[in-house]
Number of protein chains: 4
Amino acid sequence: MPLSGNQIEKMKVKRDKILEQAIILFSEHGYNDTTISKVAKASGISFGSVFTYFENKEELFHHAVVERLKELSPLLLDFDPNAEDPYKELEAMIDKHIRLFASVGTYLRLVTQVIGQHQRFERQFKELDRFYYTFRYKIADLVAKGQSSGQLRSEVDPLTSSIAYTSFLMGIRLNLADQPEHDIWSDFAPVAIRLFGPNLP
Amino acid sequence: MPLSGNQIEKMKVKRDKILEQAIILFSEHGYNDTTISKVAKASGISFGSVFTYFENKEELFHHAVVERLKELSPLLLDFDPNAEDPYKELEAMIDKHIRLFASVGTYLRLVTQVIGQHQRFERQFKELDRFYYTFRYKIADLVAKGQSSGQLRSEVDPLTSSIAYTSFLMGIRLNLADQPEHDIWSDFAPVAIRLFGPNLP
Amino acid sequence: MPLSGNQIEKMKVKRDKILEQAIILFSEHGYNDTTISKVAKASGISFGSVFTYFENKEELFHHAVVERLKELSPLLLDFDPNAEDPYKELEAMIDKHIRLFASVGTYLRLVTQVIGQHQRFERQFKELDRFYYTFRYKIADLVAKGQSSGQLRSEVDPLTSSIAYTSFLMGIRLNLADQPEHDIWSDFAPVAIRLFGPNLP
Amino acid sequence: MPLSGNQIEKMKVKRDKILEQAIILFSEHGYNDTTISKVAKASGISFGSVFTYFENKEELFHHAVVERLKELSPLLLDFDPNAEDPYKELEAMIDKHIRLFASVGTYLRLVTQVIGQHQRFERQFKELDRFYYTFRYKIADLVAKGQSSGQLRSEVDPLTSSIAYTSFLMGIRLNLADQPEHDIWSDFAPVAIRLFGPNLP
DNA sequence: AATGAATGAGAGTTCATTCAT
DNA sequence: AATGAATGAACTCTCATTCAT
């Protein structure tokens with residue numbers, strides 16, 4: 001007798017709940033200080049049940065890192081590298097990114113841990129790195145377009161600009177880690193655009 | 001019987017050795033996965049001896065974070081906020097910072113951990129934050145000078161520029177965590193200066 | 001609604017399948033390393049269903065030990081202690097036993113476990129011991145007959161001979177545990193008869 | 001500062017105590033039902049200390065099996081396959097073996113487990129098997145000598161006799177597992193000699 | 001001061017069993 | 001009857017810390 005649709009739905013909800021709590025706890029206390037028992041308690045289930053949904057702690061961590069990435073990546077990649085007006089597209093992109101980074105602080109602390117200890121979290125790091133590859137090259141494309149059109153200065157390589165920009169985003173996120181998610185973020189949009197060397201009037 | 005000068009010297013050397021290895025191990029494997037035993041082995045002493053020099057693991061971690069900070073902070077603060085030519089001073093500062101950040105990658109991964117989990121490492125975070133307060137305001141002062149002199153554009157608040165710059169430095173460091181310490185870093189100096197909004201000819 | 005004959009038949013088949021797999025797994029991996037889940041998988045059913053047929057793991061083990069014993073005991077006791085020609089009967093018996101022991105290796109490893117840990121498997125051990133009592137005395141009777149008739153030497157007590165013989169059978173089985181079930185076994189028939197002290201011409 | 005001789009002595013005593021209790025518990029309750037905690041309690045030390053002496057449970061079990069074997073093997077091999085009077089030597093050997101098997105019942109139950117589950121305890125089984133190889137061939141040599149001298153009948157291969165004999169010993173040990181170690185054993189010496197086919201007057 | 005044996009709290013994980021579907 | 005999600009007791013093992021030598 002297979003599980004009913006209702007059952008499956010309930011399980012999906014439970015799984016999401018665990019993952020959500022896992023992201024919070026992993027990001028706040030780190031991998032080792034987040035015990036399965038704490039995740040279970042936070043999720044309102046018995047600790048044995050966590051193992052029904054995730055084979056082991058490693059796997060839980062992996063899914064916490066990777067599944068959220070899958071959700072976020074289309075949002076981060078939501079800009080057109082071949083836009084008619086590259087500068088305007090860049091401004092819009094920065095605006096979106098800053099809003100997004102401001103809102104997913106908890107998850108990004110998790111990302112920070114993975115990057116900071118990439119040898120230990122090799123598997124997770126690879127997934128992040130794969131996305132990051134796509135991300136930085138897509139931005140670089142847009143920058144190149146802006147340089148060709150004369151909207152951006154050309155003395156810096158587009159890829160270097162792109163890396164600088166993404167680093168800046170992560171740096172801000174790290175820096176404001178303890179700040180509540182608020183307006184401060186919007187102050188940084190006009191600074192971010194400077195990284196790309198706009199040709200000002 | 002008081003310790004001879006020679007004895008004291010020997011102990012200082014040993015203590016430094018432990019701290020040095022602790023920084024490496026804590027930054028590579030994180031707090032929990034760095035055991036006292038591993039630090040002792042890396043330092044060439046018995047694990048029991050670590051407790052002769054540091055009361056407990058927490059304390060060892062604390063000193064690993066704080067003592068190196070004490071060494072680095074004068075280097076990071078080595079610029080004159082009242083310089084005659086603020087723009088030139090800024091360029092020189094950026095150059096120094098980038099060289100420095102490129103060379104202390106291991107330590108900065110430790111810093112990243114503390115910042116990323118500031119609730120957990122509250123005590124260490126406070127020390128870092130105290131320095132960071134001084135650091136960002138000193139930079140902001142120099143930026144304000146540059147704005148007054150007309151060398152820098154004024155549409156962004158000096159403190160915001162300062163925070164953006166320091167975030168950028170940390171972001172680059174995180175981003176290039178897996179890179180050997182090399183020339184890539186120097187590529188970012190011309191990008192960094194952009195953050196301050198230079199009035200270009 | 002009572003179960004149909006067909007249903008009952010199906011269940012019997014399923015129960016036998018479980019028992020068969022349980023014997024294999026228990027004998028190969030021991031009690032603790034044989035999980036209900038593994039037995040279920042080997043039997044092609046869900047692990048929950050095992051509990052439909054056997055109250056708990058202990059009970060499953062018990063039936064695995066005892067039910068096969070019930071099948072085997074008439075075969076082991078298939079000789080006539082009052083045979084006209086006791087020596088010939090003994091030879092025939094040994095032949096049967098050796099063939100049988102050669103063919104039920106898996107089950108006998110289970111028996112070995114129960115005997116080897118009789119305190120732990122007290123209940124199962126008692127069942128085996130009850131059979132063994134009958135078994136050894138029946139053999140002893142035949143030996144006594146052979147001694148009276150002068151076919152066997154009399155310096156050893158018939159019961160001692162009987163115990164020696166049954167021990168020998170188990171010992172061989174244990175010894176050849178890793179051997180495939182083959183001809184080696186038949187080599188031991190002429191040795192076995194020696195245990196009874198035949199009066200050779 | 002290295003450990004003093006006294007310290008080392010104390011540790012050796014403690015290690016032996018653990019091993020002794022481990023043999024008892026493993027043989028009575030089996031591998032899985034013998035917890036490290038029980039071994040520690042029986043040995044009068046803290047549970048953590050077991051790991052000071054044995055890397056893990058597997059290792060403890062291994063040493064329990066192997067170290068005792070090392071002690072026993074010279075005793076079991078203490079006969080001369082080239083003796084002047086092979087039959088007499090055989091009788092003396094049987095006598096020694098039977099006394100020995102009677103006295104090391106606990107250990108032999110451990111051996112039984114290893115043999116009975118040789119796949120699981122592969123490493124231990126190999127060690128036992130290596131000894132057994134030497135053992136059975138040395139006996140076979142003595143038997144061959146006895147056959148040449150005409151003291152033993154020749155219709156059975158010496159090696160087969162040897163295997164039969166060693167199997168018999170283990171079988172008796174298994175059979176009398178629940179018996180206190182007493183005289184019953186001596187009854188089996190005259191039966192054992194029969195296995196070798198003595199040419200009786 | 002230096003060593004490392006001793007300790008036990010606490011972690012991850014397994015699995016028999018229950019029970020709702 | 002059949003399924004498999006839920007539970008938590010019990011296990012192995014790690015490691016910071018203490019302390020006798």
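Every heavy atom of this structure was used, including side-chain atoms; hydrogens, water molecules and symmetry mates were not.
For the pair D:Lys10 NZ and E:dT3 C1', the interatomic distance rounds to 16 Å; values are reported in whole Å. Across the protein-nucleic acid pair, C:Ile18 atom CD1 and F:dT3 atom C1' stand 13 Å apart, rounded to whole Å. In this structure, A:Asp33 places its CG atom 9 Å from P of E:dA11, rounding to the nearest Å. Following rounding to the nearest Å, A:Arg15 (CZ) and F:dA5 (P) show an atom-to-atom distance of 13 Å. Rounded to whole Å, the distance from NZ on D:Lys17 to P on E:dA6 is 15 Å. Nucleotide F:dT14 holds its P atom 17 Å from the NE2 atom of B:His29, rounded to whole Å. Rounded to an integer number of Å, the gap from A:Ile8 CD1 to E:dA20 C1' is 16 Å. Residue A:Met11 contributes atom CE, which lies 13 Å from atom C1' of E:dA20 at whole-angstrom precision.
Place B:Ile45 and A:Ile36 on DNA chain E by their nearest nucleotides, and B:Ile45 ends up nearer the 5' end. The residue among D:Tyr31 and C:Ser46 whose nearest nucleotide of DNA chain F lies closer to the 5′ end is C:Ser46. The residue among D:Phe51 and C:Thr52 whose nearest nucleotide of DNA chain F lies closer to the 5′ end is C:Thr52.
A:Asn6 comes within contact range of no nucleotide atom at all, as no heavy-atom separation falls under 4.0 Å. Among the heavy atoms of the strands lying under 4.0 Å from A:Asn56 are primed sugar atoms or P, OP1, OP2 only; no base atom is included. Within the 4.0 angstrom heavy-atom criterion, only backbone atoms of the sugar-phosphate kind lie near C:Lys14; the bases stay farther away. D:Phe54 comes within 4.0 angstrom of nothing in the nucleic acid, heavy atoms only. Within 4.0 Å of D:Ser49, counting heavy atoms only, lies at least one base atom of the nucleic acid.
Taking the charged nitrogens against the carboxylate oxygens, C:Lys12 and C:Glu9 have no contact shorter than 4.0 Å, which rules out a salt bridge. With salt bridges taken as basic N to acidic carboxylate O contacts below 4.0 Å, none links A:Arg123 and A:Glu127.
Checking F:dA6, E:dT21, F:dC13 against the side-chain heavy atoms of C:Phe47 singles out F:dA6 as nearest.
Considering D:Val114, D:Val111, D:Leu110 as possible partners of D:Gln124, the one that fulfils the side chain to side chain contact (heavy atoms under 4.5 Å, CB included) test is D:Val114.
Scanning for salt bridge (Lys or Arg N to Asp or Glu O under 4.0 Å) contacts around D:Arg15 gives D:Glu67, with sequence neighbours left out.
Helix-axis bend for the helix from E:dA2-F:dT21 to E:dT21-F:dA2: the local axis fitted to the five terminal pairs at one end deviates from that at the other end by 0°, rounded to 10°.
C:Ser46 and C:Ser49 form a side-chain donor-acceptor contact under 3.5 Å, judged by distance and modelled atom types alone.
Here A:Phe54 and A:Phe61 keep their ring centres 6.0 angstrom or further from each other.
Between C:Tyr53 and F:dA2, a side-chain N or O to OP1/OP2 separation shorter than 4.0 Å is present.
Here the straight-line distance linking atom NE2 of B:His118 with atom CD of A:Glu28 works out to 8.0 Å at 0.5 Å rounding.
For the pair D:Lys57 and D:Tyr31, the distance from NZ or CZ to the six-membered ring centre is under 6.0 Å and the angle to the ring normal is within 45 degrees.
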